[in-house]
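This report concerns only the one structure given below.
In listed order, ligands and their atoms are each counted from 1. For the single chain, residues carry numbers from 1 onward in sequence order.
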Amino acid sequence: MTLEFTDRVTRVEPSATLTISALATELENDGVDVVDLSVGEPDFPTPENVVEAGKTAMDAGHTGYTTPAGHLELREAIAEKLAADGLDHGPEEIIVTPGAKQSLYEIVNALVETGDEVVLLDPAWVSYEAMVRMAGGDLERVDLSPHEFRLEPALGDLAETVSDDTDLLVVNSPSNPTGAVYSEAALEGVRDLAVDHDITVVSDEIYKEITYGVDSTSLGTLEGMADRTITVNGFSKAYSMTGWRLGYFAGPEELIEQAGKLHSHSVSSATNFVQLAGIEALENTDDAVTEMVEAFEDRRDLVVDLLEGHGVDVAVPEGAFYMMLPVADDDQAWCEGAIQEAHVATVPGSAFGTPGYARISYAASEDRLRTGIERLAEFGFN
Ligand code: PMP
Ligand code: GLU
């Protein structure tokens, strides 16, 4: 029997970040010593108090379904966190999902249909494109690479790209894969365009807590943006909780109502005891988060210095734990060579819409980072 697949699924590729990381694991299983700088995953354990909270919740029998949108207590804690960021959302305007990826999936599927125009700022995280294409949307892309990945100098290009026909714009600051933190002036420029053309904006703030000496403004705090911004965040990065699968989004109640249907008919809810661990993460982990962010900053400095020592200049990231390394024009072939010959796993820039670069995730120990950069230098950067 031949299965016939939908256009929806055959028109996209698997996640490049996860595919390369799986290849690295495969090589490791074959006994190869791979420095894996591919997947964006903090290498720290989940803070112990959060693990304990999860265990306690499980032991106490919190193992059934929860209300689809998530435990009220968690949504109240999220509302408080958002209020501290300057965003005003009650628990009824929040849905808790198994990972921020699921939040984005629900938002895109609630808002984008065949022929709708969605604008991305390139390089953009791999799953935005795939989700929009699965929903049948058309992509317009604005390239930030000529501007060292800063948004402000690209506002003119953005103005030329968006129009009254634009349905959705996705902004991700701090950015995966560049680590850029967009300035307030840049975000005000985005606001002006969104208001002028009546565009809804998804603000993916999953790296908001991971910045180095700068603050990352939440787009929804800018005047005129409160009712047109959907804010996405999650627990994977700031609290090193990738495998727990916990994220959320906040937005206008009518969106919550529509996206909530996708949510309740697909995942039902995020995992019960994981949600309860999430409350502990929001309320009692400030020190652990600060320690992790300091470690990421040291590693950023180390990698930037090591690369400079090899004559490679990079746009210095101010947040997240990624940077874009300029490599050969055929970045796919370069990354393939880097993993097969130098045994260093990176992700081709073209997966993010920007060929000629490779993304490095520096969420790895200083030792592994030194080894990785040394191997890449021997392999050659182009
Ligand atoms: N947004 C961005 C920009 C990301 O890098 C990730 C990483 N996985 C996500 C969303 C989704 O994260 P998660 O599903 O683990 O919460
Ligand atoms: N977001 C992370 C990354 O970019 C995790 C993998 C994924 O979800 O794509 O590597």
Does the separation of the ring centres of F352 and Y357 fall below 6.0 angstrom? no
What part of L18, side chain from CB on, backbone N/CA/C/O, both or neither, has a heavy atom under 4.0 Å from ligand 2? side chain
Determine whether the side chains of N233 and E205 contain a donor N or O and an acceptor N or O closer than 3.5 Å. no
Report yes or no: does E41 have a heavy atom closer than 4.0 Å to ligand 2? no
Identify the protein heavy atom lying closest to [atom], giving its residue, its atom name and the separation to 0.1 Å.
{"atom": "atom 2 (C) of ligand 2", "result": "K237 NZ, 3.4 Å"}
{"atom": "atom 9 (O) of ligand 2", "result": "T17 OG1, 2.6 Å"}
{"atom": "atom 8 (O) of ligand 2", "result": "K101 NZ, 2.9 Å"}

Closer than 4.0 Å to some heavy atom of S15 - which atoms of ligand 2 meet that? 9 (O)
Atoms in ligand 2 flagged as close to V39, the criterion being non-hydrogen separation under 4.0 Å: 5 (C), 6 (C), 10 (O)
Does the N or O separation between G40 and ligand 2 drop below 3.5 Å for any pair? yes
Using distance alone, determine whether N176 and ligand 2 share an N or O pair under 3.5 Å. yes
Member of T178, T354, D122 meeting the side chain to side chain contact (heavy atoms under 4.5 Å, CB included) criterion with S145: T354
Going by the side chain to side chain contact (heavy atoms under 4.5 Å, CB included) test, name the single residue among V303, L306, V35 that passes it with R370. L306
Less than 4.0 angstrom from a charged side-chain N to a carboxylate O is my criterion; do [X] and [Y] meet it?
{"X": "R375", "Y": "E378", "value": "no"}
{"X": "E129", "Y": "R141", "value": "yes"}
{"X": "R133", "Y": "D7", "value": "no"}

Can you check salt bridge (Lys or Arg N to Asp or Glu O under 4.0 Å) on K81 and E209, steps first, answer last? CA-CA 11 Å; K81 182 255 187 261; E209 281 65 42; 2.7 Å; yes
Would you please classify the geometry between the Y362 ring and the F296 ring as parallel, tilted or perpendicular, with 30° and 60° separating the classes? perpendicular
Under 3.5 Å, is there a donor-acceptor pair between the side chain of Q275 and the main chain of H71? yes
Do any nitrogen or oxygen atoms of ligand 1 lie under 3.5 Å from a protein nitrogen or oxygen, and which ones?
from, atom 1, to, atom 2, distance (Å)
ligand 1, 1 (N), D204, OD2, 2.6
ligand 1, 5 (O), N176, ND2, 2.7
ligand 1, 5 (O), Y207, OH, 2.6
ligand 1, 8 (N), K237, NZ, 3.2
ligand 1, 14 (O), A100, N, 3.2
ligand 1, 14 (O), K101, N, 3.0
ligand 1, 14 (O), R245, NH2, 2.7
ligand 1, 15 (O), S236, OG, 2.6
ligand 1, 15 (O), R245, NH1, 2.8
ligand 1, 16 (O), A100, N, 2.7
ligand 1, 16 (O), S236, OG, 3.3

